[in-house]
Structures are given as C-alpha cells and as structure tokens.
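The analysis underlying the following values was restricted to heavy atoms, covering all of them including side chains, and did not include hydrogens, waters or symmetry mates.
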Amino acid sequence: MSEADSYQEDAIHATDLRKTFSDIVAVDSISFTVRRGEIFGFLGPNGAGKTTTARMLTGVMQPDGGSAAIFGHDIVHAPVRAKQRCGVVPETANAYTDISAWQNLMLMGELYGVPKHYAEERAKTLLTALGLIERKDQKVQGFSKGMKQRLILAMALLHKPELLFLDEPTSGLDVQSTHLITGMLRELNRNGTTIFLTTHNMEEANRLCDRVAIIQKGRIVTIDSPERLKMAIERLHTIEVSFDPARSADDLITFPGIESARREGDKLVITTEDVDSAIHAITTFGREHNLKIEMLRTLSPTLDEAFLRLTGADSA
Ligand SMILES: Nc1ncnc2c1ncn2[C@@H]1O[C@H](COP(=O)(O)OP(=O)(O)OP(=O)(O)O)[C@@H](O)[C@H]1O
C-alpha cells in the first residue's frame with residue numbers, strides 16, 4: 001500500500017497539531033494515527049490537552065498549526081466531509097432539555113439528513129439498547145446525568161458514523177450507565193466503528209482501548225497497548241519510610257533498587273521496581289547509621305506515579 005493509500009485508510013491522521021490560548025500551549029504539536037477499526041484512547045490528567053485535541057478533530061475549534069485528516073478529509077479544508085463520517089459525544093451534555101429524548105433524536109436525524117423512517121427505526125433500536133425506550137417521550141430536563149449521557153450517545157450514533165469521538169464518556173456516571181455505554185462501545189467496535197475516546201481513567205482505557213496515547217502538558221508521551229503500559233506501571237512501587245532522627249532523601253537516592261526519593265513531611269517517599277532490594281537497602285542504611293525506623297510501608301502504584309514514570313516529570 002502506498003503512503004497516500006495508507007493516509008486515506010487511517011481513521012485519523014494528525015501531524016504536528018497545535019493549539020494555544022494566549023500564553024497557554026494546550027496542544028503542543030502532536031502527531032498520531034488512529035487506524036480504522038480500533039478503539040484509541042487519549043489518556044491524561046486534567047488540563048493535559050485531551051478535550052482541546054478532540055475539539056480540533058471534530059471541527060469545533062481551529063488548530064493554530066499542523067494538520068489532521070479524518071478518513072483522508074482535511075479537518076480545515078474539507079470540514080463537512082470530515083464531520084459527516086463522525087459522531088461526537090462531547091464533554092458536556094448537548095441535548096436540548098426542554099424537549100423529549102425522541103425529539104432530540106429526530107432533530108439530530110434532520111441535521112444529518114437521515115430519512116425520517118430510517119431515523120425512527122434507528123432511534124428505537126438505540127433507545128432500547130441504551131435502556132431509555134420507556135422514557136423516550138419525557139423531557140430531558142428530568143433525566144439523570146447518566147441518562148443524558150446515554151441519550152447523547154444515541155444522538156451521536158443516529159447517522160451510523162464510521163468514527164465516534166467521546167470525551168470522558170463515563171466520567172462521574174452511575175454503574176448502570178457506565179455498563180450500558182461501555183457495552184455499546186464494544187458492540188459498535190465489533191461491527192467496525194472506529195472509536196476515539198479521552199479519559200483520565202487508566203482502568204477505563206485498559207478495559208476498552210486497543211491502543212492508548214498518554215498525553216501530558218499538551219504532548220504525547222507514549223503510545224502503546226494498555227497491557228504494555230500497565231506492565232510498566234505495575235512494576236513500579238512506592239515505599240514510605242520515616243527515620244528517627246530524620247534523614248535527607250539524598251542519602252538514599254544512590255542505593256541499588258531505588259529509582260527516586262523525595263521528602264514529604266516527616267517521611268521519605270521512594271519509588272522502586274525492586275521492592276526487596278530497596279527495603280534491604282533502607283534497613284541496612286538505618287542499621288549502619290543507628291537510626292530508628294519509625295514507619296515503613298509499601299504502596300501499590302497510583303496513576304500519578306504511572307505518569308511520573310512514563311514522563312520522567314511531575315504530572316501536576
Ligand atoms: N477555551 C479556552 N480558553 C483558555 N484556555 C483553555 C481553553 N480550553 C482549554 N484551555 C486550557 O488548555 C489546557 C488544556 O485543556 P483541555 O481542556 O484540553 O485539557 P483536558 O486534558 O481535556 O483536561 P480535562 O480532563 O480537565 O478536561 C488547560 O490548561 C486549559 O486550562
């Protein structure tokens with residue numbers, strides 16, 4: 001396949017995409033490809049640039065630099081063609097609250113030029129699958145957050161998009177809505193829909209995605225399968241120790257097995273991939289310097305530590 005063909009085949013092809021807000025670089029020249037048929041996750045902490053990237057790709061916001069194409073259609077030069085192939089579930093609810101779920105779906109059908117009888121069929125199927133069919137004639141203003149999110153997903157799917165964008169699709173939702181939404185995403189993907197989702201939840205990315213890009217401070221740090229990212233994270237452990245009298249983190253940093261050490265209040269916080277060697281080094285150090293170990297405990301890795309590990313910098 002030639003390079004031009006592969007560009008056409010990609011669901012998303014972004015090159016040096018950039019967006020700034022006055023002096024904030026929200027998205028810092030990122031490049032990535034989403035292949036047809038995959039579930040691709042954009043994982044990062046708050047403010048990393050996930051929503052801004054999704055907004056540029058879905059034509060809500062113009063990039064300041066770089067380019068991107070959806071199924072080969074440039075998002076700036078051919079925005080209508082690019083948008084027709086996509087469904088979008090934005091970060092904040094975009095359903096009209098003073099009309100019913102059904103009316104919202106029919107409006108969406110008109111917007112995308114879906115023939116009425118087909119829109120009605122499709123709306124029934126989607127509302128049933130997402131547990132809303134009995135509420136279809138009720139006004140959206142009485143819906144819970146989870147119900148609204150399910151409706152928005154149904155609206156995004158009405159015209160059978162080949163590529164679905166979701167911004168934090170299950171953030172803050174009840175268990176039932178989360179379950180229905182993730183089930184629907186898997187089912188869609190099995191039937192060939194490409195999915196791009198943003199999340200700050202490693203577990204969600206792990207459950208759903210074929211590949212994940214980790215984004216931090218507007219830059220892509222790494223792109224890999226969740227399994228491989230998880231393996232990198234699970235190896236990393238934290239040990240907290242406090243000595244009496246207190247010692248500096250610098251005293252421990254050079255010991256075998258210790259990757260990083262910092263002071264937090266009256267304790268030292270150490271990261272390691274080799275818990276046994278690190279504990280051995282800490283206890284030997286204590287004995288040799290006549291220090292009392294007042295507290296020593298190991299903690300499982302957190303998402304923050306994963307970012308720290310993968311980025312080599314503080315994720316805050
Ligand atoms: N319209 C805007 N005006 C000014 N700054 C903005 C605007 N939108 C985003 N930003 C800033 O750009 C940076 C990236 O924000 P963005 O919303 O893309 O991050 P995010 O990864 O989606 O975070 P969150 O999970 O909190 O939504 C942040 O520093 C944010 O404050």
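Hydrophobic clustering (ILVMFWY, side-chain heavy atoms < 4.5 Å, transitive): Ile220 and Ile75 are in one cluster. Under a hydrophobic-cluster definition in which Ile, Leu, Val, Met, Phe, Trp and Tyr are linked whenever side-chain heavy atoms come within less than 4.5 Å, directly or via other members, Leu105 and Phe143 are assigned to the same cluster. Linking ILVMFWY side-chain heavy atoms closer than 4.5 Å, directly or via other members, places Val175 and Leu208 in two distinct hydrophobic clusters. Note on Ile214: it does not cluster hydrophobically with Val25, by side-chain heavy-atom contacts below 4.5 Å among ILVMFWY residues. Linking ILVMFWY residues whenever their side-chain heavy atoms come closer than 4.5 Å, directly or via other members, leaves Phe165 and Leu197 in distinct clusters.
Counted within 6.0 Å of CZ on Arg228, heavy atoms from surrounding residues, nucleotides or ligands total 12 or fewer; the atom is thus considered open. Atom CD of Glu294 has more than 12 heavy atoms from other residues, nucleotides or ligands within 6.0 Å. Other residues, nucleotides and ligands contribute over 12 non-hydrogen atoms within 6.0 Å of the NZ atom of Lys267. The number of heavy atoms from other shown groups lying within 6.0 Å of CZ (Arg219) does not exceed 12. Enclosure of atom OH in Tyr118 by more than 12 non-hydrogen atoms of other residues, nucleotides or ligands within 6.0 angstrom is indicated.
Looking at heavy atoms from C-beta onward, Phe243 lies out of side-chain contact with His289 at the 4.5 angstrom threshold. Considering only heavy atoms from C-beta on, Ile215 stays 4.5 Å or farther from Val221 through its side chain. Considering only heavy atoms from C-beta on, Gln62 stays 4.5 Å or farther from Met56 through its side chain. Side-chain contact check for Thr97 versus Lys139: every heavy-atom pair is 4.5 Å or farther apart. Between His200 and Asn46 the shortest side-chain heavy-atom distance falls below 4.5 Å. Taking 4.5 Å as the limit, every side-chain heavy atom of Ile181 sits out of range of all side-chain heavy atoms of Val89. Side chains of Cys86 and Ile70 form a contact here, defined as non-hydrogen atoms less than 4.5 Å apart. Residues Arg287 and Thr284 are in side-chain contact: their nearest non-hydrogen atoms beyond the backbone lie under 4.5 Å apart.
The nearest pair of heavy atoms linking Arg263 to Leu268 is NH2-CD2, 3.7 Å. Nearest heavy atom pair, residue Tyr112 against residue Lys83, reads CE2-O, 4.2 Å. Pairing each heavy atom of Val76 with each of Pro63, the nearest pair is CG2-CD, 3.9 Å. When all heavy atoms of Ile12 and Leu163 are compared, the pair lying nearest together is CG1-CD2, 3.8 Å. Closest approach of Ala281 and Pro256 over heavy atoms only: CB-O, 4.2 Å. Between Gln149 and Pro169, the shortest heavy-atom contact is NE2-O, 2.9 Å.
Relative orientation of the Phe196 and Phe42 rings is tilted, given thresholds of 30° and 60° on the angle between their planes.
Lys19 contributes no side-chain N or O that, together with a main-chain N or O of Thr52, makes up a donor-acceptor pair within less than 3.5 Å. Between the side chain of Asp10 and the backbone N or O of His13, no donor-acceptor pair lies under 3.5 Å. Under a 3.5 Å cut-off, the side chain of Glu38 and the backbone N or O of Arg35 do form a donor-acceptor pair. Glu110 contributes no side-chain N or O that, together with a main-chain N or O of Leu107, makes up a donor-acceptor pair within less than 3.5 Å. A distance-only check finds a donor-acceptor pair linking the side chain of Lys50 to the backbone of Pro45 [under 3.5 Å]. Checking side-chain atoms of Asn104 against main-chain N and O of Ser100 turns up a donor-acceptor pair under 3.5 Å. Remark: side-chain polar atoms of Asn189 are paired, donor with acceptor, to backbone N or O of Thr193 under 3.5 angstrom. Remark: the backbone N or O of His280 is paired with a side-chain donor or acceptor of Thr283 at under 3.5 angstrom. In terms of modelled atom types and a separation under 3.5 Å, the side chain of Thr199 and the main chain of Asn201 share a donor-acceptor contact. When atom types are taken as modelled, the side chain of Thr182 and the backbone of Thr178 share a donor-acceptor pair closer than 3.5 angstrom.
Remark: the Thr15 side chain and the Ser31 side chain contain no N/O donor-acceptor pair separated by less than 3.5 Å. For the 3.5 Å distance criterion, the side chains of Gln84 and Arg81 fail to qualify, holding no donor opposite an acceptor. Using modelled atom types, one finds no donor on one side chain facing an acceptor on the other under 3.5 Å when comparing Glu273 with His237. Side-chain contact annotation: Ser177 with Asp174, donor-acceptor N/O pair under 3.5 Å present. A donor atom on one side chain and an acceptor atom on the other are not found under 3.5 Å apart for Glu259 and Thr272. The closest side-chain donor-acceptor pair between Thr51 and Asp167 falls under 3.5 angstrom.
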(request) Check the pair Leu188 / Leu164 against side chain to side chain contact (heavy atoms under 4.5 Å, CB included), numbers first and verdict last. (result) CA-CA 9 Å; Leu188 286 164; Leu164 181 65; 4.0 Å; yes
(request) Tell me, with the steps shown, if Thr238 and Thr271 meet side-chain hydrogen bond (donor to acceptor under 3.5 Å, both in side chains). (result) CA-CA 4 Å; Thr238 300; Thr271 55; over 6 Å; no
(request) Check the pair Glu204 / Arg207 against side chain to side chain contact (heavy atoms under 4.5 Å, CB included), numbers first and verdict last. (result) CA-CA 5 Å; Glu204 178 165 85; Arg207 275 201 309 274; 4.1 Å; yes
(message) Please determine whether side chain to side chain contact (heavy atoms under 4.5 Å, CB included) holds for the pair His77 and Ser67, giving the CA-CA distance in whole Å, both sets of side-chain angles, and the decisive distance to 0.1 Å.
(response) CA-CA 10 Å; His77 300 114; Ser67 62; over 6 Å; no
(message) Evaluate Ile282 against Leu296 for side chain to side chain contact (heavy atoms under 4.5 Å, CB included), listing each step before the verdict.
(response) CA-CA 9 Å; Ile282 291 165; Leu296 185 138; 3.8 Å; yes
(request) Could you please spell out the steps behind the salt bridge (Lys or Arg N to Asp or Glu O under 4.0 Å) verdict for Glu120 and Lys124? (result) CA-CA 6 Å; Glu120 286 174 353; Lys124 264 187 224 153; over 6 Å; no
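Here OG of Ser242 is found 9.0 Å from CD1 of Ile293. Values are rounded to the nearest 0.5 Å. Atoms CD1 and OG, from Ile253 and Ser248 in turn, are 9.5 Å apart once rounded to the nearest 0.5 Å. In this structure, CE on Met155 lies 12.0 Å from NZ on Lys148, to the nearest 0.5 angstrom. In this structure, the separation between CG on Leu157 and CG on Leu126 is 5.5 Å, given to the nearest 0.5 Å. Ile99 contributes atom CD1, which lies 11.0 Å from atom CE of Met106 (distance to the nearest 0.5 angstrom). To the nearest 0.5 Å, atoms CE (Met108) and OH (Tyr96) are separated by 9.5 Å.
A cation-pi geometry, defined here as NZ or CZ lying under 6.0 Å from the six-membered ring centre and within 45° of its normal, does not hold between Arg211 and Phe40.
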